Amino acid sequence: MRSEFKSTCCYCGVGCGVLIETEDGAITGLRGDPEHPANRGRLCTKGATLNQTVNPTYRLHYPEKRVGRGGAGQRVAWDQALDEAADRFAATIQEHGPDSVAFYISGQLMTEDYYVFNKLAKGLIGTNNVDTNSRLCMSSAVAGYKQTLGADAPPCSYADILAAKVIFIAGANPAIAHPIVFRYIEDARAANPDLKIIVADPRRTESAEIADLHLPIKPGSDIALFNGMLHVLIGEGLVDQAYVAAHTSGFDALADIVKNYSPDKVAAICGIPADAIVQAARWFGASEASLSLYCQGLNQSAHGTHNNAGIIHLHLATGQIGKPGAGPFSLTGQPNAMGGREVGGLSNLLSAHRDLANPEHRAEVARLWGIPEVPAKPGKAAVNLFQALKTGEVKAVWIACTNPVQSLPNQAAVREALQAAEYVVVQETYGNTDTAAYADLLLPASGWGEKHGTVTNSERCITRVQSAFQAPGEARHDWEIVVDFARRLGHRLGRTDAERLFPYEDAESIFNEHRESTRGRDLDITGLSYALLDARGPQQWPFPEGADAGKIRLYEDGRFPTADGKARFVPIEHKATADATTPDLPISLLSGRMRDQWHGMSRTGTVPRLFNLEDEPLLAMHPCDMRHRGLESGDLARVTNGRGEMVVRVGERPGLVKGRAWMPMHWGNQFMNTAGANALACDSTDPYSQQPELKHAAVQISKADLTYPLAVVRRCANQSEALALLQRARSVLTEFPYANVGLYGRTSPLVVFRGASAECVAEADILALDRLFGLDGEDGAIVYVDAKRGVTKKAIAQGGRLLGVRLAGEALAETWLKQAMAEDELDASLIRFALAPSAKPPMTMVPRNIVCKCADVSDVQIRKELEGGADLPQLQKSLKCGTFCGSCVPDIKRMAAEHIQKLAAAA
């Protein structure tokens with residue numbers, strides 16, 4: 001039977017609606033939900049391939065217990081697993097106190113999952129040691145909103161993008177990190193050619209390409225920029241004095257500070273022209289509607305809270321808030337980081353935006369839960385939590401739906417902490433993450449398409465998520481695991497109220513309790529229910545009982561959730577990055593996202609086509625910095641500082657200022673032989689948000705003299721075979737000074753391995769590599785050996801198709817072999833050229849331009865269909881191009897029109 005279920009994309013915080021198509025309980029496809037307010041049917045490349053991530057190869061199917069860390073897991077029953085976990089946690093708590101255990105959870109959980117984790121720690125155990133990976137992405141946005149506006153409530157909606165006259169993008173690259181938001185920006189520009197777009201970012205990003213003004217500020221100089229803009233606003237009479245007087249406090253104190261931030265002084269701090277600062281301020285202040293969009297570039301800083309406050313100040317000073325097209329809009333990094341914030345999923349928060357430090361708030365939650373008290377002692381935030389594991393202050397940790405061994409800064413310290421921990425539980429969908437290797441107990445959890453509950457996106461919109469198909473094996477929903485564990489733990493702790501505290505039989509009952517906790521709060525959702533969300537679709541909060549709808553934007557009346565009802569200006573000053581560059585560490589290493597990958601790639605890294613744009617770790621550098629180090633594009637470089645090191649290929653990339661390098665943060669030990677950029681990242685934290693400075697690290701870069709290259713390209717029959725081979729190939733990454741492995745392909749999935757050594761690799765090691773990749777046979781083999789140069793190559797063909805190639809000592813052909821093998825473009829008579837020492841293919845390969853990035857459809861494919869008589873609807877049906885984000889539809893229409901003209905001319 002065919003069915004369709006409503007869900008959401010599980011990547012960024014845009015919260016795109018997805019319709020999952022199933023037949024007889026198995027997923028058959030997906031499409032964007034045309035009725036969902038976040039995306040109106042659009043999806044990005046990652047969302048468009050979610051159905052391709054539903055593969056059981058790396059999934060956890062049943063609980064596993066390990067005798068030793070990193071060893072093979074032994075299958076155990078759920079009762080045995082949860083009894084052991086309850087015994088260990090109870091014994092630790094009874095001997096060392098409740099603060100000797102901790103929970104580290106995730107912005108990819110459902111709100112209901114988050115709620116029961118929070119209640120387990122703060123209500124049953126009596127510890128506030130529950131934190132989340134949202135600490136790494138959004139906690140400075142939380143603190144910034146609270147310091148200035150009084151509550152963690154983004155005041156804007158996506159509709160404001162279309163209504164804006166000026167859009168100020170700071171520390172964000174929505175073209176890559178939030179593609180559907182960027183589509184809205186493109187729509188706004190198309191509808192209003194006079195729209196001004198300002199982008200402040202240390203590098204010229206993809207988003208900056210459409211900017212009217214790009215401000216390539218020095219890393220860490222955001223506050224100076226914002227204070228300098230405010231200086232101009234004040235000096236040129238662009239401050240809304242009436243709004244400031246009626247609806248804010250603290251302006252005079254800040255105005256005294258920004259007197260010292262003249263354009264010339266700020267220009268020197270930021271490294272940009274003074275005229276550009278003045279222009280940005282004038283556009284922002286003179287506009288009828290100025291909207292700011294910002295994300296990790298502001299948040300992931302040792303002064304991220306004040307970065308956020310600085311940009312909010314510009315809105316308060318000009319009255320650009322609470323009206324269409326205006327306001328400070330923090331773009332959320334994860335699909336349900338907002339939901340976690342709503343239930344108090346951070347170590348300093350409580351349910352419904354209550355503060356742990358507030359005795360009245362603690363008493364309110366205690367009454368709601370029916371317990372004597374909520375502990376007053378602040379819990380450990382993410383970085384401090386793992387530091388406490390290392391020192392032994394925290395002895396047992398439960399990690400759910402996140403991969404801190406890849407995502408936290410200063411990776412060496414994180415791994416040491418988990419190795420030192422007495423007991424580690426990992427509740428996960430995937431069993432091959434870096435963190436899973438440190439687990440004493442692995443618990444299988446449901447994943448995308450299997451989960452149910454609610455999520456909240458960046459614009460405060462709550463979506464009801466339906467389960468479309470069953471989780472594999474014995475995997476359970478996260479909330480079910482927590483509730484079962486809580487009851488068992490409560491019994492061992494002598495808590496007779498455990499069953500009463502955790503009576504839930506379904507996710508809806510958890511949602512209803514969470515809903516009641518919001519009554520009278522700024523995020524009041526007492527008017528919502530599962531039934532209403534199912535009937536009317538996603539709704540924005542607040543949505544109190546008796547309301548007909550939620551609020552599109554907040555603070556329209558100029559009243560804020562503070563003691564006096566006024567927003568607050570915060571006295572802020574410029575501070576340098578925590579990691580300062582020095583003669584020994586002269587390069588600022590910046591990190592960010594790739595368009596087609598997500599976090600540590602445990603999900604997106606299973607889809608071959610998502611590697612086609614960027615298929616290996618690459619460090620982007622300024623050409624002057626490369627020449628100074630004797631580097632050329634394609635060379636290998638060693639990147640080091642006191643926290644870690646990596647060897648990575650370098651490339652000259654436009655958009656970087658001298659002294660700055662850039663690398664995506666996704667790459668880690670699953671795909672390369674080091675922990676990647678986060679191994680070098682700074683773990684200094686913001687004093688208010690406790691968010692670490694992941695965005696910037698001071699490093700040294702030098703040429704790596706690894707002159708003996710290796711490459712293997714191996715075709716696989718299907719995705720499952722490719723994933724199994726990829727997992728086996730990971731076992732040899734550490735055997736080479738430089739190595740990475742990944743996927744590639746469209747028609748045929750490939751596994752691609754690259755390595756390098758300072759000397760010739762021993763023959764026995766090359767033979768072992770051949771065996772690993774199934775290239776050790778002689779049937780269909782072509783071999784080339786140059787013993788004098790240490791070059792040895794091998795190709796195997798089957799049925800006139802190239803199965804695989806191994807290149808050692810010279811590997812130039814790897815660059816074109818990937819496409820030729822992925823597209824079956826290598827004629828049987830030309831297979832011998834696979835061993836030729838050339839980066840150019842032996843035939844005229846048809847150049848391909850990807851027209852539809854979401855569906856990975858090239859111009860060659862579209863023209864072939866057009867020649868067969870297809871029109872736009874038929875193209876959309878057969879190739880799926882133009883059915884996701886929609887940005888390629890004009891190009892497809894143009895190609896169709898050109899084809900018709902060509903036919904007419906030939907007639």
Side-chain angles (χ1 to χ4, degrees), residues 57 605-609 611-612 615-616 671 708-733 735-736 738-757 761-786 790-843 845:
T57 304
T606 65
V607 181
R609 54 169 275 202
F611 288 79
N612 290 349
D615 70 325
E616 69 169 316
F671 299 95
Y708 190 88
L710 290 161
V712 181
V713 184
R714 174 63 154 82
R715 184 202 310 277
C716 297
N718 52 51
Q719 183 187 20
S720 294
E721 182 182 314
L723 293 178
L725 177 57
L726 175 63
Q727 188 65 16
R728 294 196 300 273
R730 287 169 171 144
S731 65
V732 299
L733 287 175
E735 296 179 12
F736 302 94
Y738 164 77
N740 65 67
V741 66
L743 302 173
Y744 192 85
R746 294 182 180 90
T747 306
S748 299
L750 308 177
V751 176
V752 181
F753 171 88
R754 304 174 187 86
S757 179
V761 175
E763 182 179 356
D765 293 334
I766 291 176
L767 290 175
L769 204 59
D770 286 348
R771 284 193 297 272
L772 177 66
F773 283 92
L775 301 176
D776 52 331
E778 297 302 323
D779 290 344
I782 306 171
V783 178
Y784 171 84
V785 176
D786 183 341
V791 175
T792 171
K793 304 181 183 182
K794 185 176 186 179
I796 291 184
Q798 293 180 349
R801 301 174 73 214
L802 197 57
L803 175 69
V805 179
R806 184 261 302 145
L807 309 172
E810 184 278 303
L812 292 174
E814 180 263 327
T815 57
W816 61 266
L817 276 169
K818 291 179 302 183
Q819 179 179 324
M821 292 176 66
E823 300 288 356
D824 273 339
E825 294 179 336
L826 194 61
D827 185 85
S829 64
L830 299 175
I831 286 177
R832 66 185 185 280
F833 287 100
L835 305 186
S838 174
K840 295 182 179 181
M843 66 295 187
M845 290 176 60

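The residues of the chain are indexed from 1 along the displayed sequence. Only a predicted model underlies this, so the values are computations on that prediction, with no experimental measurement involved.
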For [X], what residues pass the side chain to side chain contact (heavy atoms under 4.5 Å, CB included) criterion, not counting sequence neighbours?
{"X": "Ala811", "answer": "Pro709, Ala711, Leu807"}
{"X": "Ala739", "answer": "Asn673, Leu733, Phe736, Phe753"}
{"X": "Ala768", "answer": "Arg771"}
{"X": "Ser720", "answer": "Asn55, Thr57, Asn718"}

**Q.** Contacts of Asn612 that satisfy side-chain hydrogen bond (donor to acceptor under 3.5 Å, both in side chains) - sequence neighbours left out
**A.** Asp856

(Q) Give me each pair satisfying salt bridge (Lys or Arg N to Asp or Glu O under 4.0 Å) with a member in residues 720-730, each pair once, sequence neighbours excluded. (A) Arg714-Glu721

To the nearest 0.5 Å, what is the distance between [atom1] ([X]) and [atom2] ([Y])?
{"X": "Leu772", "Y": "Leu767", "atom1": "CG", "atom2": "CG", "result": "12.5 Å"}
{"X": "Leu726", "Y": "Thr606", "atom1": "CG", "atom2": "OG1", "result": "9.5 Å"}
{"X": "Leu775", "Y": "Ile796", "atom1": "CG", "atom2": "CD1", "result": "5.0 Å"}

Is a side-chain N or O of [X] found less than 3.5 angstrom from the main chain of [Y], in a donor-acceptor match?
{"X": "Glu814", "Y": "Val713", "value": "no"}
{"X": "Lys818", "Y": "Tyr744", "value": "no"}
{"X": "Arg746", "Y": "Glu823", "value": "no"}

Q.
Within the structure provided, determine whether Leu802 and Leu817 are in side-chain contact (heavy-atom separation under 4.5 Å).
A. yes

Q: Side-chain contact test, heavy atoms from C-beta onward, threshold under 4.5 Å: evaluate it for Arg754 versus Asp615 and give yes or no.
A: yes

Of the non-hydrogen atoms in [X] and [Y], which two are nearest, and what is the gap between them?
{"X": "Trp816", "Y": "Ala839", "value": "CD1-O, 3.3 Å"}
{"X": "Pro608", "Y": "Leu743", "value": "CA-CB, 3.8 Å"}
{"X": "Phe773", "Y": "Ala729", "value": "CZ-CB, 3.8 Å"}
{"X": "Gly742", "Y": "Phe671", "value": "CA-CD2, 4.3 Å"}
{"X": "Leu812", "Y": "Thr815", "value": "O-OG1, 3.1 Å"}
{"X": "Ala722", "Y": "Cys716", "value": "CA-SG, 3.6 Å"}

(Q) Would you say CD of Glu735 has more than 12 non-hydrogen atoms from neighbouring residues, nucleotides or ligands within 6.0 angstrom? (A) yes

Q. Who are the ring pair (Phe, Tyr, Trp, His ring centres under 6.0 Å) partners of Tyr738, not counting sequence neighbours?
A. none

Q: Write out all pairs satisfying side chain to side chain donor-acceptor pair (under 3.5 Å) with one or both partners inside residues 800-813, taking only residues at least two apart or from two chains.
A: Ser748-Arg801, Asp770-Arg806, Thr792-Arg806, Lys793-Glu810, Arg801-Asp824

